[in-house]
There are 2 protein chains.
Amino acid sequence: MRMAEGVEWAVHGCLNLAWAGPEKAVPAARLAAYYDLPSAYMNKQLQALARAGLVYSTPGPGGGFRLARAPEDITLMDVVAAIEGREDAFRCKEIRERVPDAPASPGQGRCLVDQAMLRAESAWRKELAAQTLADLKRRVERSAPEVPAHVRRHLAA
Amino acid sequence: MRMAEGVEWAVHGCLNLAWAGPEKAVPAARLAAYYDLPSAYMNKQLQALARAGLVYSTPGPGGGFRLARAPEDITLMDVVAAIEGREDAFRCKEIRERVPDAPASPGQGRCLVDQAMLRAESAWRKELAAQTLADLKRRVERSAPEVPAHVRRHLAA
DNA sequence: GCGAACCTACTCGGATATGGGATGTCCGAGTTCTCGTGG
DNA sequence: CCACGAGAACTCGGACATCCCATATCCGAGTAGGTTCGC
């Protein structure tokens with residue numbers, strides 16, 4: 001199992017957008033340049049965030065992306081869901097229903113294996129939903145206070 | 001993000017092995033036939049379980065697979081780790097270290113984004129580790145009491 | 001009748017094809033700003 | 001000097017290649033049990 005690489009890009013991108021402020025629209029190319037990433041692919045990730053309603057996108061000169069909500073109202077779960085989709089990692093194929101002569105009980109609820117897996121995924125989602133962009137932002141600022149100014153400088157240039 | 005399909009096969013397979021008992025070795029072909037699955041691929045999953053030490057494998061006539069431990073001592077985490085590997089789903093590529101002129105602080109610990117993601121994955125792992133094969137087995141037996149006998153009948157034939 | 005050697009059938013194990021999704025790239029649609037021109 | 005229109009540059013957005021991993025398959029190594037032959 002492997003999470004898409006774009007998730008890392010998206011989270012860092014959202015953080016940088018948070019530091020840039022909700023007024024300043026930042027082009028995908030500039031966000032990508034900050035980490036020396038291919039701008040077209042970074043653009044793809046930002047498009048996904050836009051479709052999910054996490055960022056606004058404006059075309060044309062002076063355009064770019066900016067956060068659609070306050071960092072307090074964006075959770076890591078939102079970002080992950082925007083990039084990875086909302087489907088569960090474990091997808092029950094109901095192989096139990098393919099037994100030769102099934103032992104009756106047609107409508108016996110959901111597969112118990114599936115339920116166990118979903119319980120675990122719920123714990124994962126809950127933990128992701130408990131972390132907001134603002135939390136993460138605050139932690140980075142405590143750990144490296146010079147980062148916000150550095151980001152703003154590079155994104156404004 | 002998507003979990004390997006083999007995980008579902010492996011969990012159901014382990015359950016069936018638990019019902020078959022630790023003495024009776026069941027060939028991969030018979031386990032596969034129970035769910036009408038390609039036997040060669042089921043064999044592959046069982047090999048992974050054997051490498052992880054969850055099942056014993058014996059070749060030759062009368063051979064097959066059997067549980068290496070009591071169902072109480074096998075967690076869903078063990079099965080998932082055996083099939084999917086023990087690597088984290090989120091793999092920090094440390095893109096933050098590729099900024100043009102990094103703002104000093106070389107040894108500033110692990111990436112905070114990575115930490116947040118690992119916290120969520122830990123919750124997922126913890127939940128999986130809390131569920132043993134015995135728990136799952138008991139739940140199935142409560143929900144469909146006729147299943148164990150049905151499985152034993154088909155695996156013995 | 002008994003023992004041993006051979007032979008067959010069965011099973012796992014790893015090496016080998018194949019397909020789908022993630023990764024990465026490119027070009028077109030639309031918008032905004034700028035510059036030039038005419039009143 | 002101001003208004004207007006054409007043009008150019010910039011940006012997103014989606015369509016198009018490419019690559020890698022999960023899926024699926026196949027054949028060989030090894031073992032156990034049965035069988036046959038010799039004593």
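Being a predicted model, the structure only gives us computed values, none of them experimental. Below, chains carry the letters A, B, ... as their sequence lines are ordered, and counting in each starts from 1.
Within a 6.0 Å radius of NZ in Lys93(A), more than 12 heavy atoms belonging to other residues, nucleotides or ligands are found.
One finds no side-chain N or O of Arg30(A) lying less than 4.0 angstrom from the OP1 or OP2 phosphate oxygen of dT11(D). Residue Arg2(A) has no polar side-chain atom (N or O) positioned under 4.0 Å from OP1 or OP2 of dC20(D). Within the 4.0 Å cut-off from OP1 or OP2 of dG13(D), at least one side-chain nitrogen or oxygen of Ser57(A) is found.
Residue contacts shown for Ala29(A) are absent, as no nucleic acid heavy atom lies under 4.0 Å away. No engagement by Ala25(B) is indicated, since no non-hydrogen atom pair under 4.0 Å with the nucleic acid exists.
Within the 4.5 Å cutoff, the side chain of Leu15(B) has heavy atoms near those of the Val113(A) side chain. No side-chain heavy atom of Phe65(B) sits under 4.5 Å from any side-chain heavy atom of Val26(B).
In this structure, CZ of Arg91(B) is placed 11 Å from C1' of dC21(D), rounded to the nearest angstrom. With rounding to whole Å, Leu46(B) atom CG is found 10 Å from dC12(C) atom C1'. For Glu84(A) and dG21(C), the CD to P distance is 14 Å, given to the nearest whole Å.
Ring centroids of His150(B) and Tyr34(B) are separated by less than 6.0 Å, placing the two rings close together.
Along DNA chain D, the nucleotide nearest to Gly64(A) and the one nearest to Met1(A) differ in position, and the one closer to the 5' end is contacted by Gly64(A).
Picking from dT11(D), dG14(D), dG13(C) the nucleotide with the shortest atom distance to the side chain of Gln47(A) gives dG14(D).
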field: Working for salt bridge (charged side-chain N to carboxylate O under 4.0 Å, His left out), residues Glu127(B) and Arg125(B)
entry: CA-CA 5 Å; Glu127(B) 201 67 27; Arg125(B) 287 197 155 77; over 6 Å; no

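Contact check on Arg139(B) versus Glu141(B) returns no salt bridge, with no Lys/Arg side-chain nitrogen under 4.0 Å from an Asp/Glu carboxylate oxygen.
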task: Any chance you could list the contact pattern along nucleotides 23-33 of chain D? Use B for base contacts, S for sugar-phosphate-only contacts and - for none, protein heavy atoms under 4.0 Å, 5' to 3'.
output: BBBB---BBB-

